[in-house]
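Below is one structure; the comments refer to it alone.
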There are 2 protein chains.
Amino acid sequence: MTYYAFDDASRQTLADSAYAQLRRDIIVGTRAPGERLRIEKLKKIYEIGPTPLREAMQKLAQDGLVNSEGNRGFTVAPLNANEFQDLNLARTVIEKEALRLSIEQGDNLWEARVVAAAYIMGKEDAMLSEALGDLPDSWEKANAELHASLVSACGSDWLIKIRTGLHDLCERYRRASVNQKIGSRNLQAEHSGIVEAALARDADKACALIEAHFGLTAAMLVPKEPTHKEAVSQTE
Amino acid sequence: MTYYAFDDASRQTLADSAYAQLRRDIIVGTRAPGERLRIEKLKKIYEIGPTPLREAMQKLAQDGLVNSEGNRGFTVAPLNANEFQDLNLARTVIEKEALRLSIEQGDNLWEARVVAAAYIMGKEDAMLSEALGDLPDSWEKANAELHASLVSACGSDWLIKIRTGLHDLCERYRRASVNQKIGSRNLQAEHSGIVEAALARDADKACALIEAHFGLTAAMLVPKEPTHKEAVSQTE
DNA sequence: AAAATAATGAATGTCGAGAATATGAAGCTG
DNA sequence: CAGCTTCATATTCTCGACATTCATTATTTT
């Protein structure tokens, strides 16, 4: 009987694999906010034992995607508007600084990466004019890559690491919401404006545009109907 | 609001307790940078089974205090000057923003907390004039409380959470170094300058002083010894 | 002798079962 | 009927044992 699902060269443990799967499922929304994560149930779903599952949970709890209360198990972290404002604030701070450093230090390779990401983003944005409801995965991917490319030359692994964590947390909020006003925005113009400022090495302008960009996105988030009872946000 | 909220001690699991102990031991230096963390060895030391130990490890790995390589166990994250520069950069960004927000929004209670922390810090700094080698725990505690109090009114739980993590990572570096020039600094003046600027609601000045404060601390860090290899060879 | 391969020992990662704890229902007291 | 206690059930957490992988040495081959 083989323990490992990935017999090939990938040196990944079951705990790592469970972590990756659960993480994606939580961000995408397969596991709803507030949902209880019972070990016995998850054992059957992911077909692994309790030990690697619990290890994955602990990591997710550290990420802020899962709440862990001693002897009372784990739940998917609930969504609430207050926390998102907070999250967006912290994210903006980090992203601006990383962008500023990136603009100061970026080389040709950085420019090339930004240009390439902007090219794809442009096409995705153009196709988006009438799209309502969920954004296509290709758009999500292009958007993530564009923003990642912009800050990729900041030279600070920790800024990147923190940025990535906050980005993922915010993405869960975005995916859990309906962007009703997506049509009223000119995302293409916003994106190209940021890219142009970055390539022109105008850090102040790029930072201002990024801040506005994040602010607009945040302002337009409208919660979907909660798919789970506990998902109803309550102020505490 | 504290990041590690254990308001009811009876609700502590062994995994939580192992996490807390290991975390402290790593930050303080009891577990040396680069040291391998073998489960069997730790089982005897902390007198618990492998499962809660592994869960604690995964959390610590997520914090950046432990490195985890699939099927090759865990090691205490090594120290290196490059990473510290990086860490200090990210920390400064966060701390400045949190301080600015705190100064804008702080109420009487915040002022009182800052004044109280500054009072204790002043006494600790005064006693420090001729101290060499390790700083006393009482000083560490007062210093941590002063800086925590300054940013405590920023209103962003996530900024605080990130700040706390970075603070702890930096503290490990500070504890692992000899502050030979501790005497050449006027810590009392630095601290009181920051506090005065904060209470005067001069955010720009306070941020500038904090940045200089962190920069000076970073510049003075001198590694104690190349303890890495010794730590590895220390089998039991 | 050097390189490649096989064998050995040690450490890691995983599982199922059992102990500890929480949840909820039933019964008792006032 | 409210409030408290007791008991039963379900879930979490922990442990010891075992399968798997890694690292090192011994053996064979060119």
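Side chains are part of it too, since the values below use all heavy atoms of this structure and drop only hydrogens, waters and symmetry mates. Every chain is numbered from 1, with letters handed out A, B, ... down the list of sequences.
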Original post:
How close or far is atom P of C:dA10 from atom CZ of B:R36, stated in whole angstroms?
Top reply: 14 Å
**OP:** Report the nucleotide, chosen from C:dT12, C:dC15, D:dT14, that has the shortest atom-to-atom distance to any side-chain atom of A:P52.
**Re:** C:dC15
Original post:
Donor-acceptor pair under 3.5 Å: do we get one between B:T51's side chain and the base of D:dC15?
Top reply: yes
Original post:
Closer to the 5' end of DNA chain C via nearest nucleotide, is it A:D16 or A:G70?
Top reply: A:D16
Subject >> Selection from D:dT14, C:dG13, C:dT23 that lies nearest to any side-chain heavy atom of B:A15 >> reply: D:dT14
Original post:
Quick one: B:R72 CZ to D:dT21 C1', roughly how many Å, whole number?
Top reply: 10 Å
Original post:
Expressed in angstrom and rounded to an integer, what is the separation of A:N71 atom CG from C:dT21 atom P?
Top reply: 7 Å
Original post:
Do A:M57 and A:I39 pass the side chain to side chain contact (heavy atoms under 4.5 Å, CB included) test, and can you show the C-alpha distance, the side-chain angles, and the key distance before you say yes or no?
Top reply: CA-CA 10 Å; A:M57 302 281 219; A:I39 302 291; 4.1 Å; yes
**OP:** Rounded off to whole Å, could you give me the CD-to-C1' distance for the B:E40 and C:dT12 pair?
**Re:** 10 Å
Original post:
Is the Lys NZ or Arg CZ of A:R91 less than 6.0 Å from the centre of A:F214's six-membered ring, within 45° of the axis?
Top reply: yes
Original post:
Which part of the nucleic acid, if any, lies within contact of B:R54, taking any heavy atom under 4.0 Å across all strands shown: a base, the sugar-phosphate backbone alone, or nothing?
Top reply: base
Subject >> Under-4.0 Å salt bridge between B:R23 and B:D16 >> reply: no
**OP:** Would you kindly give the CG-to-P distance between A:L14 and D:dT21, to the nearest whole Å?
**Re:** 10 Å
Subject >> Whole-Å distance separating the CD1 atom of B:I39 from the P atom of D:dA17 >> reply: 17 Å
**OP:** Grab the CG-P distance between A:L53 and C:dC15 for me, whole Å please.
**Re:** 9 Å
Original post:
Is any side-chain heavy atom of B:E140 less than 4.5 Å from a side-chain heavy atom of B:R175?
Top reply: yes
Original post:
Nearest-Å distance, CZ (B:F74) to C1' (C:dG13)?
Top reply: 9 Å
**OP:** Give a yes/no on whether any side-chain N or O of A:R38 is located under 4.0 angstrom from OP1 or OP2 of D:dT11.
**Re:** yes
**OP:** Would you kindly say whether B:N80 and B:Y173 are connected by a side-chain donor-acceptor distance under 3.5 Å?
**Re:** no
